[in-house]
Amino acid sequence: MSSPLTIHIFEREREIGPGMPYRNGVNHPQMLANIGSREIPPVVESLEAFLLQSNAATLVEFGITRAEIGPEAFYPRVVLGRYFIAQIAALIAKARGRGHSVEVRSRHTVVDVEPTKLGTRVKWETPHERGTETFNHVILATGHQWRDRKDNSGVQLHSPWPAESLRRFIGCAVGLLGSSLTAIDAAVALASFQGRFEENENQVRWVPHAPDAGFTMVMMSRRGVLPDADWYYPHPLPPLSLFTHEALSELVKHDNFLINCQSVLAKELEALDPAYAARTRPAQLEGFAQRHFADRLSTNSWEDVRSDLSLAKAKRAAKISEPWRVGLLAAHEVYQGIVQHLTPEDRALFDRELLPVFSDVYASVPHRSIERMLALHDAGVLELVRLGEDYTIAAEGQTVRITGASGTITVEHLIDARGQRPADLTELMFPTLRDAADLDPETLLVSGPHQAAGTITCVAIPVVLKRNPFVQGLENAEALGRRAAQNIADAIAFCSQA
């Protein structure tokens, strides 16, 4: 892009860069990111290079040693936050060095985005003033949204974020809806407020600050299983031979698109791992998720979790990966490119039978996270139960009663830790955009009855998540940023040719 740009970055918080998943204060220092160092797309420099250049005092603050730094390492979320703060500062310096003007507007809350014929009007406020400015191009990058809310029965569902808000549940019996990464994060924060983890190479223990404090947690999910401990896989992934973007682009022209796609994936899995294919019968979409989880559901116990962790550690040390896992991990990236072509009926089938399987494969968690869950269970403060598909939540006096496949559980407070919920543009808290007609699933351009001069690109995770269920990882965040930049570059090029 030859012409210099004037860029304004509006950020509600004091610091720009970390976002909700990695911001200090929103996240407890004990919370671990579930993405390994080698998987994080480098910005100006890699995370590993950033850490290796950090001084000893900074590493002590991060709670890591220089010997722990490496491509396979997992770090606390707030460490990634500090990395991204440094990276955006380096990007801004780089942009200014190339002649672009970049103004950072921290502690500016955008309260409305209004398309007009002269451009897009952005209304903002700070603790001290309000203002309105018009821009040629606007990118909506508001990130995750977590709010307390009430379910259909009127029961209060508490948000797991910010982590500091969970301090109010000290000494309480707490229920966690969900048993994956978000629930693990919430459990770690709750436990850290009420005790401490003692960790070494051989053992992880949780010790309460005060014995008999009355603190307990129950994780509850439909299947009642923890995510797999992180497993080894080659990076980058080897390409699939049958289930490819090219093959699926041909199938999109025909009827029964999803069934035909899954038939190709089944043949791929049969070639990669015949035993897994025979056990799960992936060509038969109905019931595929149940068959995938069947072994873990039939032997679901904390001892099984301990055994699976030991096996995952041994295989990672030996750099051994199970072919079916590698195949499904690669396949989800292929499916990601065609989800928008599914009919509503096929999308519902995809979400029910395929999405849980893919999530199970790519949302594995650091070994230390599983060790901490085991430590909490061994200390007598954490249980994990299966709710099944049909369960009820109801208020019972000052408590909450949850009834499902494993019986009835009563807790004092209930945290909704089932992950980010998809949202519409209407939920972005920009009143004028409630009239927006649609979001193009490929370009992410916002269109509506009041079309703006220039462009509005929406890369807000909850909104994009509704169209792309795999959008939450850092690699996808990088792709969203490139998409938004390309939209602006294309618009500028078009105007210059007009």
Side-chain angles (χ1 to χ4, degrees), residues 1-3 5-11 19 41 91 95 100 102 105 110-124 132-145 245 249 252 333 335-344 347 420-498:
M1 191 176 294
S2 57
S3 301
L5 302 177
T6 300
I7 303 168
H8 293 251
I9 302 173
F10 290 86
E11 171 56 60
L91 278 177
H100 301 294
V102 183
R105 317 280 284 274
V110 175
V111 295
D112 202 6
V113 176
E114 181 183 354
T116 76
K117 292 182 179 179
L118 298 177
T120 298
R121 187 177 297 136
V122 173
K123 297 181 180 179
W124 51 266
T132 301
E133 294 174 65
T134 300
F135 299 94
N136 299 113
H137 306 280
V138 167
I139 300 171
L140 308 177
T142 49
H144 293 264
Q145 293 183 4
H245 292 284
S249 64
V252 75
E333 295 180 350
Y335 256 130
Q336 180 175 259
I338 56 94
V339 168
Q340 69 267 25
H341 298 300
L342 299 179
T343 65
R347 177 59 193 270
Q420 176 68 68
R421 294 188 307 127
D424 290 312
L425 284 167
T426 56
E427 298 176 67
L428 284 187
M429 310 305 291
F430 302 135
T432 304
L433 280 187
R434 290 174 185 165
D435 296 330
D438 200 10
L439 179 70
D440 185 283
E442 291 195 26
T443 65
L444 303 180
L445 288 168
V446 176
S447 61
H450 307 294
Q451 186 64 45
T455 63
I456 302 175
T457 303
C458 179
V459 294
I461 292 296
V463 177
V464 183
L465 186 61
K466 196 161 190 176
R467 294 154 178 82
N468 179 356
F470 304 120
V471 77
Q472 298 188 71
L474 284 175
E475 290 178 326
N476 282 304
E478 181 194 38
L480 290 177
R482 292 186 182 279
R483 176 70 266 175
Q486 191 61 53
N487 285 348
I488 294 173
D490 289 346
I492 292 173
F494 179 81
C495 289
S496 65
Q497 295 171 3

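Closest approach of His245 to Glu333, counting heavy atoms only: CE1-O, 3.7 Å. Nearest heavy-atom pair, Leu465 versus Pro422, reported as atom, atom and distance to 0.1 Å: CD2-N, 4.0 Å. Minimum interatomic distance between Gly143 and Pro462 (heavy atoms only, all atoms of both residues): O-CD, 3.0 Å. Of all non-hydrogen atoms in Lys123 and Thr132, the two that sit nearest each other are CG-OG1, 3.6 Å. Of all non-hydrogen atoms in Glu133 and His8, the two that sit nearest each other are OE1-CE1, 4.2 Å. Taking every heavy atom of both residues into account, Ser3 and His100 meet most closely at O-CE1, 3.8 Å.
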task: Carefully, step by step, assess Leu444 and Val463 under the rule side chain to side chain contact (heavy atoms under 4.5 Å, CB included).
output: CA-CA 10 Å; Leu444 303 180; Val463 177; over 6 Å; no

query: Hey, mind stepping through Gln336 and Asn468 against side chain to side chain contact (heavy atoms under 4.5 Å, CB included) and telling me if it holds?
result: CA-CA 7 Å; Gln336 180 175 259; Asn468 179 356; 3.6 Å; yes

Residue pair Met429, Val110: steps toward the side chain to side chain contact (heavy atoms under 4.5 Å, CB included) verdict: CA-CA 9 Å; Met429 310 305 291; Val110 175; over 6 Å; no

Asn136 and Ile492: CA distance, side-chain angles, deciding distance, side chain to side chain contact (heavy atoms under 4.5 Å, CB included) verdict: CA-CA 10 Å; Asn136 299 113; Ile492 292 173; over 6 Å; no

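Residue Thr142 holds its OG1 atom at 9.0 Å from CD1 of Ile461, rounded to the nearest 0.5 Å. For the atom pair Ile139 CD1 and Cys458 SG, the distance stands at 11.0 Å (nearest 0.5 Å). One finds the CG atom of Leu425 at 9.5 Å from the CD1 atom of Ile456 (value rounded to the nearest 0.5 Å).
Using a 4.5 Å heavy-atom cutoff, the side chains of Pro469 and Arg347 are in contact. In this structure, the side chains of Ile338 and Val252 stay at 4.5 Å or more apart for every pair of heavy atoms. Put simply, the side chain of Pro115 does not reach to within 4.5 Å of the side chain of Val446, judged on heavy atoms. In this structure the side chain of His137 never reaches within 4.5 angstrom of the side chain of Thr457, judged on heavy atoms. The side-chain heavy atoms of Leu433 and Leu140, taken from C-beta on, include a pair separated by under 4.5 Å.
Judged by distance alone, the side chain of Asp112 and the main-chain N or O of Thr432 form a donor-acceptor pair under 3.5 Å. With hydrogens and angles disregarded, no donor-acceptor distance shorter than 3.5 Å links the side chain of Asn487 to the backbone of Leu445. Using a distance-only test at 3.5 Å, with no hydrogens or angles considered, a donor-acceptor pair links the side chain of Asn476 to the main chain of Phe470.
Within 6.0 Å of atom CZ in Arg421, 12 or fewer heavy atoms from other residues, nucleotides or ligands are found, so the atom counts as exposed in its surroundings.
Annotation: salt bridge (charged side-chain N to carboxylate O under 4.0 Å, His left out) contacts of Glu478 (sequence neighbours excluded): Arg482.
In this structure, Phe135 and Phe10 have perpendicular ring planes: the angle between them is above 60°, well past the 30° mark.
Lys466 has no carboxylate O lying under 4.0 Å from a charged side-chain N of Glu427, or vice versa, which leaves the two without a salt bridge.
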